[in-house]
Amino acid sequence: MKSICADLVLQRLAPDAGAALNRQLYDCLREAILDGSLPPSSPLPASRDLAREIAMSRNTVLHAYAQLQAEGYVHSRVGSGTFVAATTPESQLSAGRARAAAPEAPAAVRLARRAQALVADAAAAPRQWGAFMPGVPDVTQFPHRTFGRIVSRLWRAPTPDLLTYSHGGGHPALREAIAEHLRVARAVRCNADQVLVTEGVHQAIDLSLRMLADPRDTVWVEEPGYWGFHKVLQMDGTRVRALKVETGDDSPEAGWPRGGTPPRLIFVTPSHQYPLGSVMSLARRRALLDHARASGGWIFEDDYDSEFRFAGRPIPSMQGLEPDSPVIYVGTFSKTLFPGLRVGYMVLPRALAAPFRTAHADLYREGHALTQVALAELIDQGHYAAHIRRMRVLYARRRALLAGLIATHLGPAYLHPQASNAGLHLVLQLPEGCDDVAVSQDAEAHGVLTRPLSRYYRRKSAQRGLLLGYACVQEADIEPAFEVLLGCLKRARAA
């Protein structure tokens, strides 16, 4: 605060103003107190220190301080220093006027048309924790102490390369740890040179679009699909066509867009479709791979929630079905560890790895190297795999509890038929004519968080339902929160 206060004074002081220096310094400090630049209870520099830093005599500073104290702007404590008063004289006189004054309207600004559309239909929720927020893990179970010990040791003697800008698509230790984990856990065909560390899936989407699609190029996106795909696509100006999620015994190409130009990118979540939860059939996977190869396009495989499968055999990645597949495989630690970590990864086809690394460094300026090294150690020492095993057991128990409540109070028909025994949320189907957006808003008003299924569709004839996340809800809180939701559904039916 001392050097900051001196900088503030030097910026505002006008030595040629004609008034005595002590008066100029008094006016400068008083103005800073009134406009909040020097907040209540903040310390002022010692008179000797401030005099030296602003090249004035100490007596000048003492005179200014004394006048401020006499008028009630500051107070001093023997042995502690001088502090800004908690309330100023003006605050007492103007309190009534301030309460009556109308807030000043913000100035009108012109946003780009695509920015206006983004802001008007924003999807990111301000609250991200509690029943039944989908897509959020139980962050209280993260191995904080283990990770903290690793980070503390690295911070004791960090090397310069951990504290400056990075280049190369992520720290080599983390890229190697990710490649080894994916080869075993997800049957991904890769080595560390193909791994690029990102700050999450959204950055991976943005980078892929910038590198592989020009404005007005065609891309396919699952319908319904992850809202993050649509938001980034909206800002990049591509031509979006809906790839309907397969149902029942349809042919592999059922629901594909017909006509038009071939897609440059096809965005899919094959192992655990988001939001419905279905698993893409092998026939459809192979058909999409053949289509991408034939048209010169690329598949963007978001391996969403693939780690949390509670029954049956693990579903291998689409990327690993054939050598050198035209697939950009994407994952994140947001669901397995915690979202605030902001670490994700891409596994790129060999032909794309070098140009993507170069573009990533130029566009986003890599960093967080120390965190990446700590995460690599967490994986290499087996803590990451052990954490996933523990969380599978915990989430399976919570999923069974929520599914049982739905079946008991509403009936099995309310569980979406495409849901697989995996992931971090269930889809609660709602009857025809039920407004899922209104139900979700009512639930939020009563302290329960959900996401309306219809918001994941681009077309108006969308299915109605609610996404109910169970991962971040303690078992004891699931039933009380569900009872609140039942009340919201009853009110919706009565409306």
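Along the sequence shown, the residues carry numbers beginning at 1.
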Run the ring pair (Phe, Tyr, Trp, His ring centres under 6.0 Å) check on Tyr470 and His425 step by step: do they pass? CA-CA 6 Å; Tyr470 48 80; His425 74 269; 7.9 Å; no
So, for Arg264 and Ala213, which heavy atoms are closest and what is the spacing to 0.1 Å? CB-CB, 4.3 Å
Does the ring center of Phe147 lie less than 6.0 Å from the ring center of His387? no
Atom CG in Leu363, atom OG1 in Thr358: separation rounded to 0.5 Å? 10.5 Å
From CE (Met318) to OG (Ser325), nearest 0.5 Å: 8.0 Å
Side chain to side chain contact (heavy atoms under 4.5 Å, CB included), that's the test. Do Leu428 and Leu415 meet it? Break it down for me. CA-CA 5 Å; Leu428 179 70; Leu415 277 173; 5.8 Å; no
Determine whether Val219 and Phe229 make a side-chain contact, defined as any pair of heavy atoms from C-beta on separated by less than 4.5 Å. no
Short N-O contact, Glu307 and Lys335, less than 4.0 angstrom: no
Quick one: do Val439 and Cys434 satisfy side chain to side chain contact (heavy atoms under 4.5 Å, CB included)? Show the steps, please. CA-CA 8 Å; Val439 174; Cys434 185; 3.9 Å; yes
For the CZ atom on Arg258, are there more than 12 heavy atoms of other groups (residues, nucleotides or ligands in this structure) within a distance under 6.0 Å? yes
Under the criterion side-chain hydrogen bond (donor to acceptor under 3.5 Å, both in side chains), I'd like the reasoning laid out for His383 against Glu377: C-alpha separation, chi angles, the key distance, then a yes or no. CA-CA 9 Å; His383 302 297; Glu377 289 195 22; over 6 Å; no
Please confirm whether the ring centroid of Tyr456 lies under 6.0 Å from the ring centroid of Tyr274. yes
Residue pair Ser334 / Leu341, side-chain heavy-atom distance below 4.5 Å: no
Looking at Tyr165, I'd like to know if the NZ or CZ of Arg365 sits under 6.0 Å from its six-membered ring centre while staying within 45 degrees of the ring's axis. yes
What distance separates Leu426 CG from Tyr414 OH, expressed to the nearest 0.5 Å? 15.5 Å
Should Glu322 and Arg285 count as an ion pair when the cut-off is N to O under 4.0 Å? no
Does the gap between the ring centers of Tyr364 and His360 come in under 6.0 Å? yes
Suppose we call two aromatic rings close when their centres sit under 6.0 Å apart. Are Phe300 and Tyr329 close by that rule? no
In the structure I gave you, are the side-chain heavy atoms of His171 and Val373 within less than 4.5 Å of one another anywhere? yes
When rounded to the nearest 0.5 angstrom, what is the spacing between OG in Ser278 and CD in Glu246? 7.0 Å
Is the closest basic N to carboxylate O distance between Arg186 and Asp303 below 4.0 Å? yes
Residue pair Val268, Leu288: steps toward the side chain to side chain contact (heavy atoms under 4.5 Å, CB included) verdict: CA-CA 10 Å; Val268 291; Leu288 284 172; 4.2 Å; yes
Within the 4.5 Å heavy-atom criterion, are Pro275 and Leu453 side-chain neighbours or not? yes
Do side-chain atoms of Glu301 reach the backbone of Val327 as a donor and acceptor pair under 3.5 angstrom? no
Counting only heavy atoms from other residues, nucleotides and ligands, does the tally under 6.0 Å from CD of Glu180 exceed 12? no
Between Gln429 and Arg464 (side chain of the first, backbone of the second, donor and acceptor by atom type, cut-off under 3.5 Å), is there such a pair? no
Is the closest side-chain heavy-atom distance between Val347 and Gln319 below 4.5 Å? yes
I'd like to know if Arg458 pairs up with Glu222 as an ion pair, taking the criterion as any Lys NZ or Arg NE/NH1/NH2 lying under 4.0 Å from an Asp or Glu carboxylate oxygen. no
Sub-3.5 Å donor-acceptor pair from the side chain of Asp217 to the main-chain atoms of Asp214, do we have one? yes
Short question: side chain of Ser295, backbone of His291 - any donor-acceptor pair under 3.5 Å? yes
Before you tell me yes or no, could you show the steps for Ile178 and Phe333 under side chain to side chain contact (heavy atoms under 4.5 Å, CB included), namely the whole-Å CA-CA distance, both residues' side-chain angles and the distance that decides it to 0.1 Å? CA-CA 11 Å; Ile178 290 171; Phe333 293 98; 4.0 Å; yes
Of the non-hydrogen atoms in Arg189 and Pro323, which two are nearest, and what is the gap between them? NH1-CG, 3.7 Å
Less than 4.5 Å apart, any side-chain heavy atom of Leu118 and any of Gln234? yes
How about Leu276 and Pro224: do any of their side-chain heavy atoms sit closer than 4.5 Å? yes
Using 0.5 Å steps for rounding, measure from the SG atom of Cys472 to the CZ atom of Arg398. 8.5 Å
Minimum-distance pair of heavy atoms, taken over all atoms of Ile299 and Ala292: CG1-CB, 4.0 Å
Less than 4.0 angstrom from a charged side-chain N to a carboxylate O is my criterion; do Arg210 and Asp206 meet it? yes
Tyr226 and Phe267 aromatic centres sub-6.0 Å: no
Are Asp193 and Arg350 ion-paired here, with the side-chain N under 4.0 Å from a carboxylate O? no
Between the main-chain N or O of Val240 and the side-chain N or O of Thr238, is there a donor-acceptor pair closer than 3.5 Å? no
Given 3.5 Å as the limit, does a donor-acceptor pair link the side chain of Gln194 with the main chain of Asn191, or not? yes
Does Ala192 offer a backbone N or O that forms a donor-acceptor pair with the side chain of Arg175 under 3.5 Å? yes
Contact summary for Leu378 and Phe142, nearest pair of heavy atoms: CD2-CE1, 4.4 Å
Tell me if a side-chain donor or acceptor on Thr450 pairs with a main-chain N or O of Phe132 at a distance below 3.5 Å. no
From Thr332 OG1 over to Met346 CE, what is the distance, rounded to the nearest 0.5 angstrom? 12.5 Å
Between Thr140 and Gln474, which heavy-atom pair has the shortest distance, and what is it? OG1-NE2, 4.1 Å
Validation row: Val195, Leu182 side chains within 4.5 angstrom (heavy atoms): no
Donor-acceptor contact present, side-chain Gln116 to main-chain Leu111, <3.5 Å: yes
Can you tell me if Ser454 and Gln463 form a side-chain donor-acceptor pair at under 3.5 Å? no
Would you check if the side chain of Arg455 reaches a backbone N or O of Trp227 as a donor-acceptor pair within less than 3.5 Å? no
Considering all heavy atoms of both residues, which atom of Phe482 and which atom of Leu405 are nearest to each other, and what is their separation? CE2-O, 3.6 Å
